[in-house]
Amino acid sequence: MAQTVTQAPPTRRRLRAPKFTLAIPGFMWYGFFYAIPVLFIVINSFGYKPDVNEKGAVRLDKLSFDNYRNIWTPDFRDVFWNTMRIAGLGTLACIIIGLPAAYFIAIKASPRVRALMLVLVIVPFWMSFFVRTAAWRIVLAKNGFLSSFLLDHGLRDTRIEFLDTKGAVLLAVVYNYLPLLIFPMFVALDRIEPAMREASKDLGAGRVKTFLSVTLPLAAPGLAAGSVLVFIPLAGDYVTATVLGGAKGNMIGNVIYSFTIVSQDQPKGAAAAVVLVFLILAVLAAAAALITLLRLVLKANRRVDIGFAS
Amino acid sequence: MSREPVRILAPLGFANRLTRRQLIFGAAGAAGATLLISACGDDSSDPATSDATGATGAPIKASGTVNLYTWGEYHDPDLIAEASDTIGVDMAVQFYAKLDKSKLPNWGNIDPVYLGREWDPANEWAVPRDWGSTGFLYDSSVIQRDLVTWNDYFDAAANEASGQTSALDTSDNILGPYFWANGISWNTEKQEDLDAAEAFLVNEFAPHIKAFDSYPSTKIAEGAYSLSAAWNGDARQAYIRIADAGGDPEPWKWVLGAPMTEIWMDHYAIPGDAKNPDGAYAWINWMLEKPIAFRDLSYIGYNMTVAGTRELAEAAKLERLDMIYFTEEQLAGMEGGIVNAAQNRKVEIYNKVKAAAGG
């Protein structure tokens with residue numbers, strides 16, 4: 001007689017991985033390829049370059065602030081200032097151009113063409129950064145076709161003299177970094193329920209008021225993320241300046257490159273890189289403080305007394 | 001036989017930033033490359049190999065990929081492409097390997113005047129390829145006077161060509177013209193010379209510089225400069241490029257640096273950890289064949305070390321031979337560069353000039 005015994009499966013305690021497991025690959029990646037190298041850069045910035053005939057790239061037997069002193073001289077301060085100016089103006093230009101574009105794609109454009117428009121925004125990213133930057137030289141060259149066209153049709157009296165200037169760098173960085181602002185901006189605007197804008201209208205706000213008091217504050221995280229995404233890599237960019245900036249459009253990235261690769265002076269390049277990081281942090285902190293202050297002022301002014309005076 | 005694409009591991013943007021000498025050190029850090037163009041000298045005359053003069057046979061065959069480190073517009077792309085069919089190598093660094101001259105049957109084609117130089121007295125390490133010098137090009141429709149010396153170069157840069165001047169992008173070639181203009185050797189180690197150079201270049205010269213450009217020929221054609229310091233071969237290519245771009249090269253004048261200027265000689269060397277040394281030898285050997293060296297010369301416009309190429313160039317009536325070959329008088333004013341104790345200071349000045357030029 002066959003007897004079937006049904007046994008309850010043994011109760012097993014399910015092993016649960018700790019919550020941070022998912023973050024391990026990310027932490028390891030940033031640890032090995034970011035944090036540790038950056039630590040080396042910081043340490044190297046206090047060392048010095050050995051003499052020409054000595055071996056090795058960095059000497060650490062005498063640590064000093066000499067590299068920082070050498071970097072923080074008027075000539076190099078001008079380069080830092082120029083870099084921060086281009087990064088600031090570039091970010092501002094990206095906001096001025098990118099905000100309406102993102103607003104249009106997220107809110108005004110019909111959903112059918114929305115995806116296509118987003119694809120068009122990233123089309124330039126399909127080409128190498130260097131190539132799409134160098135392409136501007138063909139368009140804007142003094143003897144190039146645009147210059148010849150404008151001259152031949154009497155639209156200009158002289159040829160274009162725009163390459164190898166700060167303006168050329170600014171133009172190209174806006175072109176190169178604009179999608180980095182449009183995307184987070186689009187996501188933020190897209191997430192705002194249309195009902196919010198309708199409610200604002202129902203309560204008597206006009207289009208401008210609705211945009212400034214409802215849409216923009218709700219999209220602020222996207223604007224902040226986009227601006228940071230543009231500002232930080234832009235401040236460290238050296239490809240654009242190398243290709244289009246000539247001597248005048250020199251940015252601190254070029255100086256770091258020149259110290260580290262051309263001059264083989266890693267400690268000085270490291271010091272310049274550390275100074276750049278601190279400058280970026282300072283600018284971001286200042287911007288955050290300014291925005292917080294602005295919000296407080298706006299809040300104070302917007303207070304409405306509805307009669308429940310305490 | 002693998003047929004991988006040609007790989008030249010020196011994109012222009014990178015090569016622009018390297019000086020010939022710095023390339024040696026730069027490339028030493030890159031792993032796995034095979035062939036290196038270097039700017040120091042080679043082999044002394046070894047009687048055994050001198051006897052082999054003229055022993056040109058069929059090109060040596062090899063296979064695989066060779067990584068060739070070179071400078072901007074410094075190898076005819078046609079030759080590199082043909083290498084695959086001709087020598088079976090697809091042209092794609094511890095330091096150098098000692099040369100195995102048994103793998104270079106064309107060694108004897110090298111003119112002995114280029115052998116046994118001080119940088120490699122026994123010619124153990126490198127194969128001399130070509131040599132040249134430095135001067136400047138100017139647009140005579142903008143600068144309507146005769147420029148003759150480095151002093152004239154600086155003067156025009158500060159006047160007619162202000163903001164339209166390019167300088168070579170290496171520390172030695174930023175400092176060299178100042179020293180030569182003032183009758184000082186560019187190998188000077190004197191503190192006061194270096195201080196004076198820094199003061200002049202940072203304060204007087206930097207504000208007028210439009211770009212630091214080691215290969216100005218392309219941008220001259222684009223219309224970017226009116227005055228450009230250049231290596232003679234690149235300057236010669238500028239005439240071709242201006243014409244190619246539909247411009248008129250006629251107003252452009254070439255001036256070899258005076259009263260003194262540079263002489264350099266470039267070499268092939270094989271890194272000690274090269275993966276495909278036979279491929280590298282096959283390439284070098286092929287380059288030492290007279291007809292190939294002549295084609296090399298026609299493209300880059302530098303004086304080749306292979307004997308008899310000058311006669312071929314003259315017979316072929318190559319344009320602007322005066323930019324390739326120099327007179328005795330010109331040669332007398334040329335000096336080679338030495339890496340000495342002033343090197344770090346020179347690089348420091350170079351970085352300051354670049355920072356000041358951005359102001």
Side-chain angles (χ1 to χ4, degrees), chain A residues 48-53 57 70-71 73-83 130 133-134 137-138 140-145 147-148 159-166 169 238-239 241-252 254-255 257-265 268-269 272, chain B residues 11-14 16-19 21-23 25-26 28-29 163-167 169-171 202-203 205-213 218-226 242 245-248 338-359:
Chain A
Y48 63 98
K49 177 192 174 180
D51 271 341
V52 175
N53 294 321
N70 284 324
I71 286 294
T73 54
D75 284 332
F76 290 111
R77 272 207 300 268
D78 283 350
V79 184
F80 277 113
W81 165 237
N82 185 35
T83 306
F130 178 83
T133 306
R137 287 208 81 90
I138 300 170
L140 296 174
K142 188 179 171 190
N143 296 342
F145 69 85
S147 185
S148 300
R159 290 195 165 270
I160 299 174
E161 298 256 14
F162 189 57
L163 291 175
D164 303 311
T165 62
K166 293 180 174 76
V169 177
Y238 76 96
V239 176
T242 301
V243 178
L244 297 173
K248 305 284 175 222
N250 206 13
M251 289 174 70
I252 204 66
N254 301 75
V255 172
Y257 179 88
S258 188
F259 280 144
T260 311
I261 308 293
V262 184
S263 316
Q264 319 253 318
D265 192 340
K268 215 173 272 175
Chain B
L12 274 175
F14 180 61
N16 281 343
R17 302 267 145 183
L18 291 172
T19 72
R21 202 161 294 101
Q22 278 152 350
L23 185 69
F25 302 112
Q164 301 294 328
T165 298
S166 78
D169 196 7
T170 85
S171 56
V202 169
N203 302 322
F205 183 49
H208 306 290
I209 300 173
K210 185 173 198 179
F212 297 89
D213 192 342
T218 312
K219 290 218 248 162
I220 285 174
E222 201 183 76
Y225 314 128
S226 308
I242 295 166
D248 177 15
I338 297 167
V339 178
N340 56 30
Q343 188 63 20
N344 283 351
R345 176 74 200 281
K346 286 199 268 190
V347 169
E348 219 173 80
I349 296 171
Y350 158 75
N351 281 316
K352 278 188 191 168
V353 174
K354 290 184 91 168

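Order of the sequence lines sets the chain letters (A, B, ...), proteins ahead of strands, with each chain counted from 1.
Between A/Glu161 and B/Lys210 there is a side-chain heavy-atom pair separated by less than 4.5 Å. Side-chain atoms of B/Lys352 and A/Thr73, non-hydrogen and from C-beta on, never get closer than 4.5 Å to each other.
Contact between A/Ala141 and B/Glu222 at its shortest, heavy atoms only, is CB-CG, 3.0 Å.
Between chain B and the options A/Lys268, A/Arg137, A/Met251, the largest number of non-hydrogen pairs under 4.5 Å is found for A/Arg137. Among B/Asn351, B/Ile209, B/Asn344, the residue making the largest number of heavy-atom pairs under 4.5 Å with chain A is B/Asn351.
For A/Asp75, the side chain to side chain contact (heavy atoms under 4.5 Å, CB included) partners two or more places apart in sequence, or in a different chain, are B/Val202, B/Ala355, B/Ala356. In this structure, the side-chain hydrogen bond (donor to acceptor under 3.5 Å, both in side chains) partners of A/Ser147, at least two apart in sequence or on a different chain, are A/Arg159.
When heavy atoms are compared at a cutoff of 4.5 Å, B/Lys346 does not approach chain A at all. Of the two parts of B/Ala221, only the backbone, made up of N, CA, C and O, holds a non-hydrogen atom closer than 4.5 Å to a non-hydrogen atom of chain A. Heavy atoms closer than 4.5 Å to chain B are found nowhere in A/Val255, neither backbone nor side chain. For B/Ala206, the part sitting under 4.5 Å from any heavy atom of chain A is the backbone (N, CA, C, O) and nothing else.
With A/Lys166 contributing its side chain and B/Gly358 its backbone, the two residues share a donor-acceptor pair below 3.5 Å. A distance-only check finds no donor-acceptor pair linking the side chain of A/Lys248 to the backbone of B/Ala211 [under 3.5 Å]. A/Asn250 contributes a side-chain N or O that, together with a main-chain N or O of B/Lys354, makes up a donor-acceptor pair within less than 3.5 Å.
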### Task
Under the side chain to side chain contact (heavy atoms under 4.5 Å, CB included) rule, what do A/Asp164 and B/Lys219 come out as? Steps first, then yes or no, please.
CA-CA 11 Å; A/Asp164 303 311; B/Lys219 290 218 248 162; 3.4 Å; yes
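Between atom NZ of residue A/Lys49 and atom CD of residue B/Glu348 there is a gap of 9.5 Å, rounded to the nearest 0.5 Å.
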